[in-house]
Amino acid sequence: MIRQYELIDKVLSYNPKANVALLNKAYVYSMKAHGNQKRASGEPYLTHPLAVADILADLKLDDASIAVGLLHDTLEDTLSTFEEIEELFGRDVAELTDGVTKLSMIKFDSKKQEQAENFRKLLMAMSKDIRVLLIKLGDRLHNIRTLHHVPKVEKRVAKAQETMDIFVPLADRIGLYTVKTELEDSCFKVINPTAYEKLEEKMNTMREEMGTVEKMTKIIQEDLNKAGLNVQVVGREKTIFSIHRKMQRKHLKFEQLTDIIAYRVITNNKQKCYEVLGHLHDKYKAIPGRFKDYISSPKPNGYQSLHTSVIGPTGDRVEIQIRTQEMHDIAENGVAAHWLYKMQSNPEEAEKQLGENIQYKWLKRLIDSLQDTKDPEEFLENAKLDLFSENTFVFTPKGDLVSLKKGATPLDFAYSIHSEIGNQCQTAKVNGRVVPLRTQLQNGDQVSIVTNKAQHPSPAWRNFVVTGRAKSAINRYLHLQQLDEQIRLGKEILEKIILKDDYPTVTEKDLTKVLKEVGAKEVQDVYLALAQGRLFPRQVLDLLFPHKKKERAEQSKQEKEEAAAKKVNSKSSAVAIDGLTDGISIHIAKCCSPLPGEEIVGIVNTGRGVTIHAKNCDTLEKYMDEPERWLNVSWSGEQPVNQAFEVRFRITIQHQPGALSALTTCVFNQGGNITDLQMEQRGLDSNVMLCAIEVKDVSHFKRLSTALGQTEAIVGFERLKG
Ligand code: MN
């Protein structure tokens, strides 16, 4: 166990200006507070906070963090109070200590709830000050190192599992790889001892065959020294857990792994890294395709190193990483090292960054996204999911780091910033270039979004966003939007008929009277049903104005009689076509929907009458070999008065308020009847609608087409066939 003065010396070695008095005071206070409490090992309790402070000093943390390492269990396990610690050690230390302290005043319903609520508190505290997490990890690391003293196996496994679930991913997120690696390896040994022992055996055999890491390190070291390169060579073995994970993930056997041992060459400047590389490639055969220069293009988390693989002195494949001391520290200890180097070069900036936690916005966002989760178990599950899911790290134009699910697109990025930015996302630039919104982002991309108030989410967006946040925001918007549009359309449909057939004005209050009869709960539902064609305006109007219904029935009877009198051919059919036997049933082909006035042919279907196609319909090719089925037909000069033929259009309208209404108005003005209207595609400045319109005949269709062409809000349209 480290002694008090050794701890102080260690801190002074990297921070000569350390506040020794503060550290000594914290040591004495902690010793008195814990009194004769004991650890599971039987040792005095003080050994634990002292060991935690030692771990934090290894990470070269600041005075306050080391002091809190000593004090971290006083609030939780002794009679100390926040006020007392604040008075003795200042606000900073008191708040940090409180941040690492579990909730104690609340009664929990279950162990799970307690775990969740404590985790929530920890997240909050570390989002305010990332040092809370560093201290908590130091605490956890020592607890895992001494886990074998805990007598009950279930307790040991539970603790190890919790560490794997929560603290390992957190350590990984902040780049504290030394701590992460030790934690996961030790926990794996507790959770799955059989697998651990098997791999340990294999490792021992391998060491016997290949020679130990120490031996190899020496060879490479001497080699580089002889070349006049004054560098340090360190060998490292992959931990058992990371071997296990790699075998599982890549479905490899132990023997297939090539990177169990890696060597690191630590230099004192960047230039030397390349010199070392040159020498190694000179001396040993380099394996093609294995060289990577992360010095000139660092990984997004700041990692820098040269990577190469060579056939080493013993004829085995050897992985070598070459980096400066600073790169090495950052690679091993992430945030802690960043902070330390910053502190040396620019203390003011470092303090500021620490306060603002510039790099840890992901933490705030994690908390945001979990805020609404009321059920503690769900909270814990979601948090684990978020921590474990593989991520792509990208940057905002200001250089803030944003972590997104792998496969995320610029749209996911936009939604992660704010749902409004997502909804109004017009174009995206990645590394300065405009890219399609569906582009998959890569680690390190810098993403900027151009918004436009006139832009809205398109249904197609749902097909390529990957984050839950973007998906639910788009769905929410579309759902509301669709309802809105349909309600407006429903209103319009009803109003046109009222105007056309001279009904009195219908108020919403009037409509409430017929809700029950049309099977609606509220007036909005009536409009929706009208827009969706589940309800016809006549049905509503007949209910409201029964006397008009009678009038209309009489009128149409009269019309029918007049029509029948005029008609000579195919009386039984709703459509009048010359050249057919009386009584034969007629279908108008859906593929071409010919209109009266257009040239047509009939195709005889056995048992199903005659299908009428337009003469230029592509479907007719199918019947080329069956001339016996073709009938020469033509439209009769007179069609039933109320006969309507459906024509389907694809109409592109401007993306602006009133465009849809301009379309429907145009159709109504031309006496057409919209029977179906759907949004096919929503675009930047235009929307594509699929629209079915009933017309009387080809000249009616032509009139309507001319009118559509003259409507400003309509960008283009085509008649759909087939
Ligand atoms: Mn502790």
Side-chain angles (χ1 to χ4, degrees), residues 423 456-459 462 472-560 574 641-644 646 648-649 651 653 656-680 682 687 689-695 713:
N423 283 341
H456 303 296
S458 141
R462 284 180 296 200
S472 61
I474 294 169
N475 281 336
R476 202 165 48 239
Y477 180 89
L478 289 177
H479 186 63
L480 287 175
Q481 175 73 10
Q482 216 175 10
L483 287 182
D484 253 25
E485 223 157 79
Q486 292 196 356
I487 287 170
R488 239 186 24 235
L489 186 65
K491 264 187 204 169
E492 242 165 61
I493 288 172
L494 190 64
E495 271 161 26
K496 297 279 166 171
I497 295 280
I498 289 172
L499 263 169
K500 187 171 159 251
D501 290 357
D502 235 2
Y503 282 95
T505 319
V506 174
T507 62
E508 300 214 337
K509 208 177 158 196
D510 295 331
L511 287 177
T512 53
K513 292 178 211 151
V514 298
L515 287 181
K516 221 179 177 178
E517 281 114 315
V518 300
K521 282 209 182 94
E522 44 189 310
V523 175
Q524 309 266 307
D525 295 338
V526 178
Y527 292 134
L528 275 180
L530 284 168
Q532 291 163 358
R534 289 182 281 118
L535 184 68
F536 296 105
R538 295 258 186 240
Q539 285 173 273
V540 179
L541 293 170
D542 285 348
L543 282 168
L544 287 170
F545 310 105
H547 61 283
K548 280 279 253 184
K549 185 183 175 184
K550 258 188 230 158
E551 275 174 37
R552 213 161 38 81
E554 272 162 29
Q555 193 189 344
S556 86
K557 197 176 151 203
Q558 207 180 341
E559 279 171 1
K560 264 182 199 157
V641 174
N642 288 330
Q643 185 57 54
E646 196 179 85
R648 282 168 305 121
F649 288 92
I651 304 177
I653 60 171
Q656 67 180 34
L660 188 59
S661 147
L663 165 64
T664 54
T665 306
C666 171
V667 175
F668 277 110
N669 285 346
Q670 294 304 318
N673 182 29
I674 297 184
T675 48
D676 192 19
L677 185 63
Q678 288 173 34
M679 173 100 50
E680 184 185 45
R682 200 185 289 268
N687 295 320
M689 314 293 302
L690 290 178
C691 187
I693 304 173
E694 283 180 349
V695 297

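- For Asp542, the side chain to side chain donor-acceptor pair (under 3.5 Å) criterion is met by Arg552, not counting sequence neighbours.
- A heavy-atom distance below 4.5 Å is not found between the side chains of Leu660 and Asn687.
- Residues passing the ring pair (Phe, Tyr, Trp, His ring centres under 6.0 Å) test with Phe668, sequence neighbours excluded: none.
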- What do the steps show when you test Thr505 against Ile498 for side chain to side chain contact (heavy atoms under 4.5 Å, CB included), and what is the final call? CA-CA 7 Å; Thr505 319; Ile498 289 172; 5.9 Å; no
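- Smallest separation of non-hydrogen atoms from Asn423 and Ala473: OD1-O, 4.4 Å.
- Asp510 and Thr507 share a side-chain donor-acceptor pair at under 3.5 Å.
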task: Could you check Leu543 against Lys513 for side chain to side chain contact (heavy atoms under 4.5 Å, CB included), going step by step and ending with a plain yes or no?
output: CA-CA 9 Å; Leu543 282 168; Lys513 292 178 211 151; over 6 Å; no
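- Between Arg462 and Leu478 the shortest side-chain heavy-atom distance falls below 4.5 Å.
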Side-chain donor-acceptor distances from residues 514-526 under 3.5 Å, at least two apart:
from	atom 1	to	atom 2	distance (Å)
Asp525	OD2	Lys521	N	3.1
Asp525	OD2	Glu522	N	3.2

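- Leu690 CG to Arg648 CZ: the interatomic distance, rounded to the nearest 0.5 Å, is 9.0 Å.
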For the pair Ile693 and Gln670, evaluate side chain to side chain contact (heavy atoms under 4.5 Å, CB included) and give the outcome as yes or no after the intermediate values. CA-CA 11 Å; Ile693 304 173; Gln670 294 304 318; over 6 Å; no
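- Considering all non-hydrogen atoms of both residues, Ile474 and Ser458 come closest at CG2-O, 4.2 Å.
- Remark: Cys666 SG to Ile651 CD1 distance equals 8.5 Å, nearest 0.5 Å.
- The aromatic rings of His456 and Tyr477 lie parallel to each other, their planes meeting at an angle below 30°, with 60° marking the opposite boundary.
- Nearest heavy-atom pair across Ile674 and Cys691 is CG2-SG, 4.2 Å.
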